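Only one structure is covered here, and it is reproduced in the block below.
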There are 2 protein chains.
Amino acid sequence: MTKSSTQPSSPKITDAPRAQKRSRPVQVADQIKRWVVERDLRKGDKLPNEAAMIAQFGVSKGTVREAMRILEAQGLIVTKTGPGGGSLVGEVSKDRAMSLLGNYFYFKDLSLSDIYELRKLLEPALVAKLAGTLDEGTLTELRDMAHQYPEPAQTPEEEKEQHISSLLFHARLADAADNELLGFVISFMARILSDLTVYRRLYATPNEELWERGRRHQIDLVEALASGDGDRAHAIMTSHMEGAERMMNQQEMRITREFMAE
Amino acid sequence: MTKSSTQPSSPKITDAPRAQKRSRPVQVADQIKRWVVERDLRKGDKLPNEAAMIAQFGVSKGTVREAMRILEAQGLIVTKTGPGGGSLVGEVSKDRAMSLLGNYFYFKDLSLSDIYELRKLLEPALVAKLAGTLDEGTLTELRDMAHQYPEPAQTPEEEKEQHISSLLFHARLADAADNELLGFVISFMARILSDLTVYRRLYATPNEELWERGRRHQIDLVEALASGDGDRAHAIMTSHMEGAERMMNQQEMRITREFMAE
DNA sequence: TAAGATTTGTTCGTATGTATC
DNA sequence: GGATACATACGAACAAATCTT
């Protein structure tokens, strides 16, 4: 392992001017981060306890606690009370990462077409890559999800439920990719879309034809994936994305501005 | 504005089991977040001061301060001392969002091909869309960046510099997209790649032919963008991505595991 | 420049809660 | 149950920053 030994840290992309005075807790948090990186600590590894840090950094208990809260908020540590307790290095969860990123887009007012521009690029490519690589368990899982709602929704609540279920289907596909980055982006978009609000419905009853097409797409897609037909999977997903975008535009869905959950 | 009035918050995508006891500071932080969302507060809006929150939530000063640190760590507030000071709602910066997301991937060990799989999908599509839409100022900026290094690098340091410069070129393109989501993903990848480490160099001198091809690509790309030739821009970028990936694989670059900067 | 007011920043002492043995 | 080791929370005091006069 070539320990990079504090190289001059070449200029970062999109590096803000940043100078500023940093409060003690933030300084302490940064030092702890460095400490963790230097020792290459991993998921369950223990950090020194409060008392040790108070001594180590020469600050008070309150300051150390604020520093720990900073790290905790970023998902980098978890803390337990009691004997043998203390703070442990904690892998940032996907859920938390999505929430944190969601906070950024909270202020950005994404549009549906922004999201679908990306979905139309990524999801067809994803399934094309996935075709023929999924094990039986995953395929069964996907088949079950595709068949879960055999009838069109009767109520707005039911329709929302089906909408969420459909997005879970896509998130499941994303998780099957062995590309964490691709999987994350797709899951993140699914999550944003699952927080949608129907602003005004143009048709009193949901468009059954579009619904049926969406359902057929899912079912056909799983079979294309099972048979290893990447081109067909790609085509189905492309068609599905276009249909989904059209349906959502028809219903004038709006993105809900929402803060992180945790 | 249709205030969504605390709807039952439909099941989230990738919602962890999550129950757990939440510490007082976290509870307070959550309440403040809700408070902000309910009132639809924006960038510069003021939050109540410490004393008011102590009274409001019936907790001690230390607890309130820990709560504020949590929000600050997520980029949601900024705090100033002095009269008229206090905490303000603060838009999450792109830089901070990338750092926070970087923490997630810190544990994931992304490979170069993971990143390039996405780049090859997104960047050609981006430039195809951008063709003919850029103003003269932006085009000039891009031209300048493309011509910045007229000679191949002589030293590893120089080469790294050029590498970063090239990624800045891509980040600049991403910012020109009027799709914040697409722009963010591309910039984020550029940032990860800018933190690369050359692990072992196969050729003592950098491959000049590949370098020259990369440079030509950038120059030709800007002209294609200026003339509005989307197909050509797409083709150039595709070729460029393939070349870049090949070059990096040749040099056996490794992704540096690095914690957030701020 | 200086003084005073306001608001956050930091410390210390003490007490309480919680999990392990 | 009791002892121990740890985090959690409170309250009072003082320090530092920054605005106003």
Side-chain angles (χ1 to χ4, degrees), chain A residues 17-33 35-36 41 43-90 262, chain B residues 17-33 35-36 41 43-91 96 262:
Chain A
R18 87 143 143 137
Q20 307 246 12
K21 260 164 304 187
R22 297 153 84 89
S23 66
R24 277 313 239 302
V26 176
Q27 291 176 34
V28 172
D30 283 344
Q31 284 182 268
I32 295 172
K33 267 185 253 180
W35 194 84
V36 169
L41 298 190
K43 167 118 176 173
D45 297 339
K46 261 194 86 174
L47 265 52
N49 65 20
E50 267 187 16
M53 292 191 175
I54 291 169
Q56 171 75 26
F57 300 114
V59 296
S60 75
K61 185 157 39 187
T63 301
V64 168
R65 289 182 58 71
E66 287 179 36
M68 300 314 259
R69 273 338 190 321
I70 291 171
L71 299 176
E72 205 177 62
Q74 300 175 347
L76 299 174
I77 66 167
V78 292
T79 301
K80 288 189 311 188
T81 62
S87 297
L88 310 178
V89 177
E262 192 174 2
Chain B
R18 85 135 135 147
Q20 307 246 11
K21 262 165 301 189
R22 295 153 84 87
S23 65
R24 282 301 243 299
V26 176
Q27 291 175 34
V28 171
D30 283 345
Q31 290 189 57
I32 295 172
K33 266 186 251 178
W35 194 83
V36 168
L41 298 190
K43 168 117 174 175
D45 297 339
K46 261 194 86 174
L47 265 52
N49 65 22
E50 269 186 15
M53 292 190 175
I54 291 169
Q56 170 75 28
F57 300 114
V59 297
S60 74
K61 181 179 174 116
T63 302
V64 168
R65 289 183 57 73
E66 288 180 37
M68 300 314 265
R69 289 309 188 214
I70 291 171
L71 298 176
E72 204 178 62
Q74 300 174 348
L76 298 174
I77 65 167
V78 292
T79 302
K80 287 187 315 187
T81 64
S87 297
L88 310 178
V89 177
E91 195 166 4
R96 188 178 218 99
E262 192 173 359

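Proteins come first, then strands; the chains are lettered A, B, ... in the order of their sequence lines, and each starts at number 1. In this text, all values refer to a predicted model and were calculated from it rather than measured experimentally.
- C:dT8 atom P lies 11 Å from atom CZ of B:Arg69, rounded to whole Å.
- Here the P atom of nucleotide C:dT10 and the CE atom of B:Met68 are 14 Å apart, to the nearest Å.
- When each of B:Gly82 and A:Gly84 is assigned the nucleotide of DNA chain C with its nearest heavy atom, B:Gly82 is the one assigned upstream, toward the 5' end.
- Rounding to whole angstrom units, CG of residue A:Leu47 and C1' of D:dC6 are separated by 15 Å.
- In terms of polar N and O atoms assigned as donor or acceptor, the side chain of B:Lys61 comes within less than 3.5 Å of the base of C:dG9 in a complementary pairing.
- Rounded to an integer number of Å, the gap from CD of A:Glu66 to P of C:dG9 is 8 Å.
- Considering only heavy atoms from C-beta on, A:Gln31 stays 4.5 Å or farther from A:Gln56 through its side chain.
- The shortest distance between the side-chain N/O atoms of B:Ser60 and the OP1/OP2 oxygens of D:dC10 is below 4.0 Å.
- Going from atom NZ of A:Lys80 over to atom C1' of D:dA7 covers 12 Å, rounded to whole Å.
- Set against D:dT8, C:dT11, D:dA9, the side chain of A:Val59 has C:dT11 as its closest nucleotide.
- Ranking C:dA19, D:dA9, C:dT10 by closeness to the A:Thr81 side chain, first place goes to C:dA19.
- Each of B:Leu47, B:Ile70, B:Leu88 was evaluated against B:Ile77; a single residue qualifies, B:Leu47, per the side-chain contact (heavy atoms from CB on, under 4.5 Å) test.
- Under 4.0 angstrom from either OP1 or OP2 of C:dT11 there lies at least one side-chain N or O belonging to A:Thr63.
- Among the protein residues, B:Gly86 comes within range of the sugar-phosphate backbone only, with heavy atoms under 4.0 Å from sugar or phosphate atoms but none that close to a base.
- Here the nucleotide nearest the side chain of B:Pro83, chosen from C:dT7, C:dA5, C:dT11, is C:dA5.
- Note on B:Arg65: a side-chain N or O is less than 4.0 Å away from OP1 or OP2 of C:dG9.
- Taking atom CD of A:Glu50 as the reference point, atom P of C:dT18 lies 16 Å away to the nearest angstrom.
- Nearest heavy atoms, B:Val28 versus B:Ala67: CG1-CB, 3.7 Å.
- Without hydrogens or angle criteria, A:Glu50 side chain to A:Arg65 main chain gives no donor-acceptor distance under 3.5 Å.
- Regarding A:Lys46, its NZ atom lies at a distance of 12 Å from the P atom of D:dA5, rounded to whole Å.
- With respect to B:Arg69 and B:Glu72, a salt bridge is recorded, a charged nitrogen being found less than 4.0 Å from a carboxylate O.
- Distances shorter than 4.0 Å separate none of the side-chain N or O atoms of A:Arg24 from OP1 or OP2 on C:dG9.
- For A:Asn49 and C:dA19, the CG to P distance is 18 Å, given to the nearest whole Å.
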